[in-house]
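Only one structure is covered here, and it is reproduced in the block below.
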Amino acid sequence: MSEPDDRDLQIVADQLGRTPRGVLAIAYRTPDGVPAVVKTAPRLPDGTPFPTLYYLTDPRLTAEASRQESAGVMREMTERLGRDSELAEAYRRAHESYLAERDAIEPLGTDFTGGGMPERVKCLHVLIAHALAKGPGVNPLGDEAVALAAEHGLRGSAIPADWPAYEGTEEEL
């Protein structure tokens, strides 16, 4: 994590096509140093609640998250949550960690964390952002989505070259 400077904020604005709001930190940079995930205040400057603590900004990563969503990855992950109690528990821990971190900044009075956590997978953009910001081992489904993105040509460019490979098969996802 690093405090954003004016250059970082301009890059993020260019990535988003709008002025970023409530950016507290650059939570993840690509291997070449470009901001790719921002840590956002739980409440935007105008007072609007914003429960998405980690926000994906890199266009390559957002396009890949959308590709995975279109390919049915969210549905497959949600189905696995229903039949794999260890995965479900690890995903619940990711949700609790996310919520605790956000509430330490400013409680919003909600247990909504984004991405569908902890019962389902609703948004891979949030899960990928969380996994990249925190590193492997915190959000198991975010880790899998990042590993899939790495396998689709983003390893070493938008994703660290040493990101762990997904050990399952894409047919499972």
Side-chain angles (χ1 to χ4, degrees), residues 1-5 7-18 20 23-40 52-81 84 86-95 97-98 101 113-118 120-173:
M1 298 259 178
S2 62
E3 188 171 324
D5 60 23
R7 181 175 179 276
D8 290 332
L9 293 174
Q10 184 57 57
I11 291 168
V12 171
D14 292 345
Q15 291 171 332
L16 297 175
R18 63 172 173 77
V23 174
L24 299 175
I26 303 300
Y28 169 75
R29 293 177 186 274
T30 61
D32 58 1
V34 176
V37 175
V38 294
K39 184 175 184 177
T40 305
T52 305
L53 183 61
Y54 294 109
Y55 197 87
L56 197 59
T57 63
D58 184 281
R60 297 166 297 179
L61 293 167
T62 58
E64 174 59 20
S66 295
R67 185 199 69 75
Q68 288 183 28
E69 289 177 355
S70 295
V73 171
M74 293 184 307
R75 177 182 36 78
E76 295 297 325
M77 286 178 166
T78 297
E79 289 172 4
R80 287 176 44 228
L81 282 173
D84 184 336
E86 287 182 29
L87 176 63
E89 181 54 34
Y91 194 54
R92 178 168 299 285
R93 284 192 306 271
H95 159 76
S97 170
Y98 192 105
E101 185 176 358
T113 53
M117 291 187 283
R120 63 190 176 117
V121 179
K122 181 180 170 191
C123 178
L124 291 178
H125 297 76
V126 170
L127 300 186
I128 289 172
H130 187 214
L132 288 169
K134 301 310 284 183
V138 174
N139 188 321
L141 297 178
D143 290 353
E144 288 180 14
V146 173
L148 289 172
E151 292 171 12
H152 281 95
L154 296 181
R155 184 177 301 281
S157 59
I159 296 168
D162 62 351
W163 190 272
Y166 175 59
E167 294 181 11
T169 63
E170 271 196 60
E171 291 77 39
E172 290 177 351
L173 299 177

What's the separation between atom [atom1] in [X] and atom [atom2] in [Y], rounded to the nearest 0.5 Å?
X: Glu64; Y: Leu124; atom1: CD; atom2: CG; value: 9.5 Å
X: Leu16; Y: Ile11; atom1: CG; atom2: CD1; value: 12.0 Å
X: Met74; Y: Gln68; atom1: CE; atom2: CD; value: 10.0 Å

Quick one: closest heavy-atom pair of [X] and [Y], and the distance?
X: Val12; Y: Pro35; result: CG2-CB, 3.9 Å
X: Val138; Y: Ala94; result: O-CB, 3.3 Å
X: Val121; Y: Thr78; result: N-OG1, 2.9 Å
X: Ala165; Y: Ala147; result: C-CB, 4.0 Å
X: Leu56; Y: Ala65; result: CD2-CB, 4.4 Å
X: Met77; Y: Leu141; result: CE-O, 3.4 Å

Should the pair Tyr54 and Tyr98 be assigned to parallel (<30°), tilted (30 to 60°) or perpendicular (>60°) ring geometry?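 Rings of Tyr54 and Tyr98: perpendicular, as their planes differ by over 60°.
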
Take a 6.0 Å sphere around CZ of Arg7 and say whether it holds more than 12 heavy atoms from other residues, nucleotides or ligands.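 Incorrect, the count does not exceed 12.
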
Does the side chain of [Y] come within less than 4.5 Å of [X]'s, by heavy atoms?
X: Tyr55; Y: Val23; value: no
X: Trp163; Y: Leu154; value: no
X: Met117; Y: Leu127; value: yes
X: Ser66; Y: His125; value: yes
X: Arg93; Y: Pro140; value: no
X: Thr40; Y: Thr52; value: no

Stepwise, does the side-chain contact (heavy atoms from CB on, under 4.5 Å) test hold for Gln15 with Thr62? CA-CA 10 Å; Gln15 291 171 332; Thr62 58; over 6 Å; no

After noting the C-alpha distance and the side-chain angles of Arg92 and Glu89, does the key distance pass the side-chain contact (heavy atoms from CB on, under 4.5 Å) rule? CA-CA 5 Å; Arg92 178 168 299 285; Glu89 181 54 34; 4.2 Å; yes

Listed partners of Arg29 passing salt bridge (Lys or Arg N to Asp or Glu O under 4.0 Å), at least two apart: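 Arg29 satisfies salt bridge (Lys or Arg N to Asp or Glu O under 4.0 Å) with Asp8 once adjacent residues are dropped.
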
For a side-chain contact (heavy atoms from CB on, under 4.5 Å) check, start with the C-alpha distance between Thr57 and Val37, then their side-chain angles and the critical distance, and finish with the verdict. CA-CA 6 Å; Thr57 63; Val37 175; 5.9 Å; no

Walk me through whether Arg80 and Glu144 qualify under side-chain contact (heavy atoms from CB on, under 4.5 Å). CA-CA 12 Å; Arg80 287 176 44 228; Glu144 288 180 14; 2.8 Å; yes

Any donor-acceptor N/O pair, Asp143 side chain to Gly137 backbone, under 3.5 Å: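 Looks like yes, one N/O pair under 3.5 Å.
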
Taking side-chain hydrogen bond (donor to acceptor under 3.5 Å, both in side chains) as the test, write out the residues that go with Asp32, two or more places apart.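 Testing Asp32 for side-chain hydrogen bond (donor to acceptor under 3.5 Å, both in side chains), a comparison that skips the adjacent residues, returns Thr30.
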
Report the residues that fulfil side-chain hydrogen bond (donor to acceptor under 3.5 Å, both in side chains) with Tyr28, sequence neighbours left out, ordered by chain and then residue number.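 Testing Tyr28 for side-chain hydrogen bond (donor to acceptor under 3.5 Å, both in side chains), a comparison that skips the adjacent residues, returns none.
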
